[in-house]
There are 2 protein chains.
Amino acid sequence: MKQRITLKKIAREFGVSISTVSKALKNSNEISGELRDKIKAFADYYNYKPNSLALQLRNQKTSVIGVIIPEIVHHFFSTVIDGIEVYANEKGYNVMVCLSNESFEKEVANISVLANGTIDGLIVSIARGTQKKDNYHHFEELIKEDFPLVLFDRVNDALKCDKVIIDDIGGGYSAAEHLLEIGSKRIALLTTQDFITVGALRKVGYRKAMQNAGLDVDEDYVFKLDDAEDLYEQIEKVFELEQAPDAILAVNEIYAAIAMKIAKEKGYKIPDDIAVLGFTSGLISEFTSPPLTSVVQHGFLMGQKSAELLINRIEHTAGKEYHKEVISTNLKIRESTKR
Amino acid sequence: MKQRITLKKIAREFGVSISTVSKALKNSNEISGELRDKIKAFADYYNYKPNSLALQLRNQKTSVIGVIIPEIVHHFFSTVIDGIEVYANEKGYNVMVCLSNESFEKEVANISVLANGTIDGLIVSIARGTQKKDNYHHFEELIKEDFPLVLFDRVNDALKCDKVIIDDIGGGYSAAEHLLEIGSKRIALLTTQDFITVGALRKVGYRKAMQNAGLDVDEDYVFKLDDAEDLYEQIEKVFELEQAPDAILAVNEIYAAIAMKIAKEKGYKIPDDIAVLGFTSGLISEFTSPPLTSVVQHGFLMGQKSAELLINRIEHTAGKEYHKEVISTNLKIRESTKR
DNA sequence: CTGTTAGCGCGTTCAT
DNA sequence: ATGAACGCGCTAACAG
């Protein structure tokens, strides 16, 4: 790669000092009009652009914000990134995306690489591995140093920093409520393992709605799925209950789509025999047949909010107290629950 | 944000010079064991990490690669990024993702921000706006300066740089061939507008397969869809042909899913009356009913390949000639074409 | 064993 | 109107 042109080279070319060139290019009227024009023409011709590394070092500011997410091949997360990007760009920041791949070690490594001058602040959604290990030292370290940090979606309440979360309890609640309203009595819940907080919270909402309706939650109807294992096999068990459910509430789109597929294979009519409802994270819900009713999550908004909180933190336009922004969900009702 | 600790501060603390500290921390045996240990302990306690900006400036190397994609909320592109990330990380690079949002101006702006020291190389998939404008000055500029550049998927053959593309012609060909093999006679093609190269190339493959089978391509059966307009409306026209098609070949998953949805609404049986086939870019194909046969694109591999070419370029382990890597597709046959 | 100096590229203050 | 000097944080060659 060819060397880019620098102030130094231009200075040498004109036999003047570096600072003269610097001033000329900034249109300082300290420099004579004639020289200024010549320098500018020359710089222009060689397409001079100040080296941003040097600027960043000098200004102690990179205008880059780091983002660490568990995985990117996931509609929800890419939506969030989109939101972050849009807001950040508007404010003159660039975005550096890293993947933890759900691994504790990679999350730690990423933070350690990023938070050493390359970025002004960090937005993270915590990896499963970290949640499982329940080890948050790397975040505490950042917080101790007052490093601007925002957590979103997968957060840990013990950490003292800004957070943006989905109203998972509310989402679970209104989902279950909707299923009850259309006359369901036995609602099966397809959720994640306990250590995954979003799944756990949605379950809380579900439980609340059931209790509110005077129904007991039968734990036999709660299925804690393991993403590492075959989902089809695990979900088939739903249909081996003594009394088949008349509705299925899944905490994500994939679970819902699979459940519906199996139900149809077993000859159940959707939504008449069994209504199915999921949490949206992609486009699947729209194209299943029947299309899936789902709790929409507003990832884009979440990204924007996260970026906003972070940039306020970076630019000291936020108060000392930390914000916990809750993004409310809403229900997109489609055919899978219309009866 | 608290100031991080620097060599200078440590040096002041011990009343020694900066370079002494630097050496001590690097375990140089130029420094006495005692002092070395004390300095290391101190640095460790204050969690010293060299400022990477300073290192980058000094070494003239950032170990960051930039990626500019048209949009991130798109399964195909996020798969590619995943591939880039994985390969890059393996090689010790970080990834900076920017979005052009399909706009020429944003693409230019992004390049101008990135290619000034912050990154060692760039991977780009060209924005629609740029293709439409047919203006590639910003890339030519980079190439003139020998800046490491790799284009993927949406490329321009006139640009002298490494490229990674999908075998779109081959994909279109084998898709059409498959439809012919199952006995289709009138295959409608749902493609994009002409300036979008991937759509155009897939059409070439389709045409080739048709000719190969001794069939004429009836332009009435070719629909060039505009993503900016309502897709349902545009696709409905397919069913207003005098003779309805007995197969539909769509250049992406969404077109295919919508076509199938409309076909079913109109009472056609899939695949018996009409077979439907798409190019995969997401998970939709798996969950439609019937599931969609599709041409799979191997985005992850594409990302890896792109990163590999780029890093070879950066590290001068590539020859002078530019590579054009072609990733071949393969057909995932599902129920929508089983008859 | 330790320190001085120079340089990466830039902007700014203070002299001249 | 122009330039020297300094600092951002770090490393490496060289000096002592």
Side-chain angles (χ1 to χ4, degrees), chain A residues 1-40 42-43 46-64 113-120 145, chain B residues 1-40 42-43 46-64 113-120 145:
Chain A
M1 182 177 115
K2 270 182 210 158
Q3 279 302 329
R4 283 192 154 265
I5 191 151
T6 67
L7 288 186
K8 194 179 180 177
K9 288 183 196 160
I10 303 182
R12 204 184 301 143
E13 186 71 24
F14 284 86
V16 298
S17 82
I18 293 176
S19 59
T20 302
V21 178
S22 171
K23 286 172 188 166
L25 293 178
K26 311 207 91 151
N27 273 323
S28 161
N29 45 7
E30 281 184 33
I31 307 298
S32 73
E34 194 192 358
L35 180 58
R36 198 171 56 192
D37 290 345
K38 276 200 293 190
I39 290 181
K40 281 172 63 177
F42 184 86
Y46 284 102
N47 197 16
Y48 170 80
K49 299 256 184 59
N51 178 312
S52 32
L53 238 40
L55 285 181
Q56 292 174 29
L57 183 58
R58 174 169 222 290
N59 301 331
Q60 300 288 73
K61 160 139 191 107
T62 66
S63 291
V64 174
V113 171
L114 289 181
N116 277 307
T118 34
I119 59 174
D120 288 345
E145 299 186 1
Chain B
M1 179 178 121
K2 269 184 213 155
Q3 279 301 330
R4 283 192 154 263
I5 191 149
T6 66
L7 289 185
K8 194 178 180 180
K9 287 183 197 159
I10 303 183
R12 204 185 301 143
E13 188 70 23
F14 285 87
V16 298
S17 84
I18 293 178
S19 60
T20 304
V21 178
S22 173
K23 286 174 190 165
L25 293 179
K26 310 203 97 155
N27 272 323
S28 161
N29 44 8
E30 283 184 30
I31 308 296
S32 73
E34 195 191 359
L35 180 57
R36 199 171 54 189
D37 290 345
K38 277 199 293 190
I39 289 181
K40 281 173 66 177
F42 184 87
Y46 283 103
N47 196 15
Y48 170 80
K49 300 257 183 58
N51 179 313
S52 31
L53 237 40
L55 285 181
Q56 292 174 29
L57 182 58
R58 167 159 232 293
N59 302 331
Q60 299 288 72
K61 160 134 190 114
T62 65
S63 291
V64 174
V113 170
L114 289 182
N116 278 307
T118 34
I119 60 174
D120 288 346
E145 299 188 1

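Chain naming here is simple, since letters A, B, ... match the order of the sequence lines and numbering starts at 1 in each.
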Of B:Leu57 and B:Lys23, the one whose nearest nucleotide on DNA chain D sits closer to the 5' end is B:Leu57
Do A:Lys8 and C:dG7 have a side chain to base donor-acceptor pair shorter than 3.5 Å? no
Can you tell me if A:Thr62 uses its side chain to pair, donor with acceptor, with the backbone of A:Gln56 under 3.5 Å? no
B:Asn59 atom CG is separated from C:dC8 atom C1', nearest whole Å, by 9 Å
Rounded to whole Å, the CD-P distance (B:Gln56 to D:dT11) equals 13 Å
**Report entry** Phosphate contact (C:dC10 OP1 or OP2) by A:Tyr48 side-chain N/O below 4.0 Å
**Finding:** yes
If you define the side chain from C-beta out and look only at heavy atoms, does anything of B:Phe14 sit under 4.5 Å from B:Val21? no
DNA chain C nearest-nucleotide lookup for B:Gln60 and B:Ser17: closer to the 5′ end is B:Ser17
A:Leu7 CG to D:dT2 P, in whole Å, measures 16 Å
Rounded to whole Å, the CD-P distance (A:Gln3 to C:dG7) equals 16 Å
From CG of A:Asn27 across to P of D:dA1 the rounded distance in Å is 14 Å
Looking only at C:dT2, D:dA5, C:dC10, the nucleotide nearest the B:Ser32 side chain is C:dT2
ask   = Has the side chain of A:Asn51 got a donor or acceptor atom that lies under 3.5 Å from a matching backbone atom of A:Leu53?
value = yes
Rounded to whole Å, NZ of B:Lys9 lies from P of D:dC8 at a distance of 10 Å
Of D:dA4, D:dT11, C:dC10, the nucleotide closest to the side chain of B:Lys26 is D:dT11
task = Please check if the side chain of B:Ser52 supplies one atom and the backbone of B:Leu55 the other of a donor-acceptor pair under 3.5 Å.
result = no
Of C:dG11, D:dC8, C:dT13, the nucleotide closest to the side chain of A:Ser22 is C:dG11
Per atom distances to the A:Arg58 side chain, the nearest of C:dC10, D:dT2, D:dC14 is C:dC10
| field | Any donor-acceptor N/O pair under 3.5 Å between D:dA4 base and A:Ser19 side chain | value | yes
Quick note, B:Glu30 side chain, CB onward, closest among C:dT2, C:dG9, D:dG3 is C:dT2
